[in-house]
Amino acid sequence: MYALIDGNNFYVSCERVFRPSLNNIPVVVLSNNDGCAIARSNEAKALGIKMGAPWFQIRHLQESAGLVALSANFALYGDMSDRMMSLIGGLGHTQEVYSIDESFVELSGIPGDLVERGHRMRERILRWTGLPTCIGMGATKTLAKLANHVAKTAERKPGSYPPHLAAVCHLGALAAHELQAVFAATAVTEVWGIGPRIGRQLQEAGVSTVQELTQLDPASVRRRWSVVLERTVRELQGLPCIALEDCPPAKQEIACTRSFGQAVTELQPLEEAITSFASRAAEKLRRQDSLAAQILTFIRTSPFRADRQYSRSILVPLERPSSDTAVLVQAALAGLHAIYRPGYKLAKAGVMLLDLCPTSLVQEELALAHDPPPDRSRLMAALDSLNQRYGRGTILMGSGGTGNQPKLWTMKQERRTPRYTTRLADIPVAAA
DNA sequence: TCTGGGGTCCTAGGACCC
DNA sequence: TCTGGGGTCCTAGGACCC
């Protein structure tokens, strides 16, 4: 038995904890670069704002409907997430932190009324962190996800499901006819693992509700679609096919990519950007104690513009696996020089570290032709601790440009709230 | 004017091996 | 005249997730 707990409209809810004036009004949180809406309050959803809606298309709602938009404040959301996750751990034996706002919890053998336990957990999270949540429970992870969808929808849209399923929904506790009614009232596109593409194909095959999906034969689903969809069908039928991952595996690739605040055509600002992306990626790599054997650099124009398009990437193999910022930056810049062409309005660039392996498993080599490169792991450790203590960007590679002058390529963040919980200077002051 | 970032898994097809 | 079968590894691309 599994539970899935997630924060309602998570980023918006984090902002509301520190700015109660945002309660009961339409609020969206914008993606990096203030590009599009990535979180919406219920009031914003009611205005018809879709997930991912470009900001320039909805900004008129500021005047006409009192919409408030905020730039994403990931330092705040990450810290609020840590607080919420540590509470959620108390719900069962093992916990998988699935995303910034979701956890699966294994519930087998937990005595007592699970629905009541779920309601108590919601109340505790709300009282201790200020964050509203919903909880779904079921025999498999896919059913728990589905139950969570039912819990949220029943709360937000009265009449869509029986009211006693709001906020906490345990599919395993329903009578058979009640479960079938829930399945019949839910579209296949709400199922975890079914995206727009497969959803369309299912509907063309006459399968539009979860109830119809659960009646398909898994083997035929595998032949017609794939083993992935077969697992989804079996999970909906109650057979666990996806295990809980209580200790997250090391990443197999690490990326740092950004859209620019404004178009870039010159090489020099691109070098600064690529330097900073590679440095940041190297930092993440060292945090998981791994080395990269290849690095990919890419640049591209905006596919939304009518301008001449340019999009290229290049994979640069390293002589030996490394997590050294200088080595990775140098390789990334070599890649950039190979693919850069003047005259294009570039909108985005990025760096990806590939072919990762744990530092402890790296293949040693015979020093035949020349001496091995100097070991700079202590230098990197010092760099990381300085940047952690005094703030990101305290120590930079020279090709990243000096920290003082404003950079045209950095992203737009015109509406970011303070880092209330992670910077001393930003801690809110309570008036007496 | 203006459209995010960071991941995973699966499959098909080519190259190569014996 | 007549040219196999079985396997692995790698890569690119598709689909999905939040």
Side-chain angles (χ1 to χ4, degrees), chain A residues 4 6-11 28-40 49-60 62 69 71-74 77-78 81 96-104 141-142 145 148-149 152 188-202 222-232 241-243 245 248-263 277 280-281 284-285 288 293-294 296 298 300-307 313 315 317 345 347-356 410-415:
Chain A
L4 180 86
D6 79 340
N8 302 347
N9 315 329
F10 186 69
Y11 298 164
V28 293
V29 170
L30 301 176
S31 64
N32 274 336
N33 225 22
D34 293 347
C36 50
I38 54 170
R40 306 155 293 155
I49 297 173
K50 298 275 180 268
M51 186 65 175
W55 171 233
F56 71 92
Q57 286 174 6
I58 55 173
R59 66 188 313 162
H60 63 93
Q62 289 178 110
S71 301
N73 184 347
F74 289 112
Y77 312 149
S81 171
E96 172 187 347
V97 176
Y98 177 66
S99 75
I100 193 165
D101 74 327
E102 286 173 83
S103 262
F104 286 102
K141 288 169 82 173
T142 304
K145 275 285 242 183
N148 179 274
H149 166 77
K152 272 192 291 195
V188 282
T189 46
E190 304 295 347
V191 174
W192 187 41
I194 296 181
R197 191 75 175 244
I198 306 292
R200 212 176 314 128
Q201 291 169 11
L202 282 169
R222 182 180 195 144
R223 275 195 300 276
R224 168 93 187 260
W225 283 279
S226 70
V227 66
V228 183
L229 191 61
E230 179 196 9
R231 276 200 290 254
T232 299
C241 304
I242 306 173
E245 275 185 356
K251 301 259 183 277
Q252 300 175 49
E253 50 187 77
I254 288 174
C256 184
T257 72
R258 289 285 180 280
S259 295
F260 300 133
Q262 46 188 286
F277 301 158
R280 176 79 187 112
K284 294 188 206 172
L285 183 67
Q288 74 162 34
Q294 305 195 79
L296 179 140
F298 77 85
R300 64 155 221 223
T301 50
S302 167
F304 301 105
R305 311 298 316 151
D307 304 325
S313 68
L315 193 58
K345 293 180 182 165
K348 182 171 178 172
V351 161
M352 296 175 75
L353 304 179
L354 306 167
D355 212 345
L356 310 187
T410 52
M411 61 192 179
K412 263 188 295 195
Q413 271 199 320
E414 289 164 355
R415 307 149 173 272

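Chain A is the first sequence line, chain B the second, and so forth, proteins listed ahead of strands; every chain is numbered from 1.
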Checklist entry - In this structure, are over 12 heavy atoms from other groups packed under 6.0 Å from Arg222(A) atom CZ? => result no
Item to check | Partner of Ser71(A) by side chain to side chain contact (heavy atoms under 4.5 Å, CB included), out of Asn33(A), Asp34(A), Asn32(A) | outcome: Asp34(A)
Checklist outcome for this item: Residues passing the side-chain hydrogen bond (donor to acceptor under 3.5 Å, both in side chains) test with Asn9(A), sequence neighbours excluded, are Asn42(A), Lys45(A)
Checklist entry - So what does Ile198(A) hit on the nucleic acid, given a heavy-atom distance under 4.0 Å: a base, only sugar-phosphate, or nothing? => result sugar-phosphate
Checklist entry - What does Arg231(A) touch in the nucleic acid at a heavy-atom separation under 4.0 angstrom: a base, only the sugar-phosphate, or nothing? => result sugar-phosphate
Next on the checklist: Which is more 5' along DNA chain B, the nucleotide nearest Ala255(A) or the one nearest Arg300(A)? Just name the residue.
Outcome noted: Arg300(A)
Checklist entry - How would you label the contact of Lys145(A) with the nucleic acid (heavy atoms, under 4.0 Å): base, sugar-phosphate, or nothing? => result sugar-phosphate
Next on the checklist: Taking any heavy-atom pair under 4.0 Å as a contact, classify Gln262(A): base, sugar-phosphate, or nothing.
Outcome noted: nothing
Item to check | Candidate pair Arg223(A) and Glu230(A), rule salt bridge (Lys or Arg N to Asp or Glu O under 4.0 Å), full reasoning | outcome: CA-CA 9 Å; Arg223(A) 275 195 300 276; Glu230(A) 179 196 9; over 6 Å; no
Next on the checklist: Please classify the nucleic acid contact of Asn33(A) as base, sugar-phosphate, or nothing, using heavy-atom distances under 4.0 Å.
Outcome noted: nothing
Next on the checklist: Parallel, tilted or perpendicular, judged at 30° and 60°: which one describes the rings of Phe104(A) and Tyr98(A)?
Outcome noted: perpendicular
Checklist entry - Considering only heavy atoms from C-beta outward, does the side chain of Lys412(A) approach that of Trp55(A) to under 4.5 Å? => result no
Checklist outcome for this item: With both pairing distances under 3.5 angstrom for Watson-Crick or G-U wobble, and | for a partner in another strand, the correct string for DNA chain B is ....||||||||||||||
Checklist outcome for this item: Residue pair Val227(A)/Thr257(A) against DNA chain B: nearer the 5' end by closest nucleotide is Thr257(A)
Checklist entry - Within a strict 4.5 Å, meaning less than it, do heavy atoms of the Arg305(A) and Lys345(A) side chains meet? => result no
Checklist entry - Looking for any heavy atom pair under 4.0 Å, which part of the strands does Pro196(A) touch: base, sugar-phosphate only, or nothing? => result sugar-phosphate
Next on the checklist: Classify the ring geometry of Tyr77(A) against Tyr11(A): parallel below 30°, tilted from 30° to 60°, perpendicular beyond 60°.
Outcome noted: parallel
Checklist outcome for this item: Min and max contacting nt of DNA chain C in 5' to 3' order, chain A heavy atoms within under 4.0 angstrom, are dA15(C) to dC18(C)
Next on the checklist: Taking the C1' atom in each of dC17(B) and dG4(C), what is the distance between them to the nearest angstrom?
Outcome noted: 14 Å
Checklist entry - When we call it a touch if two heavy atoms are under 4.0 Å apart, what does Asp101(A) touch: a base, just sugar-phosphate, or nothing? => result sugar-phosphate
Checklist entry - Which part of the nucleic acid, if any, lies within reach of Val29(A) when heavy atoms closer than 4.0 Å are counted: base, sugar-phosphate only, or nothing? => result nothing
Next on the checklist: Can you confirm whether Lys284(A) is buried at NZ, in the sense that more than 12 heavy atoms of other residues, nucleotides or ligands lie under 6.0 Å from that atom?
Outcome noted: yes
Next on the checklist: Need one value for Leu30(A): base, sugar-phosphate or nothing, where a base atom within 4.0 Å counts as base even if backbone is also close, heavy atoms only.
Outcome noted: nothing
Checklist entry - Under 4.0 angstrom, heavy atoms only, what part of the nucleic acid is Lys251(A) near: base, sugar-phosphate, or nothing? => result sugar-phosphate
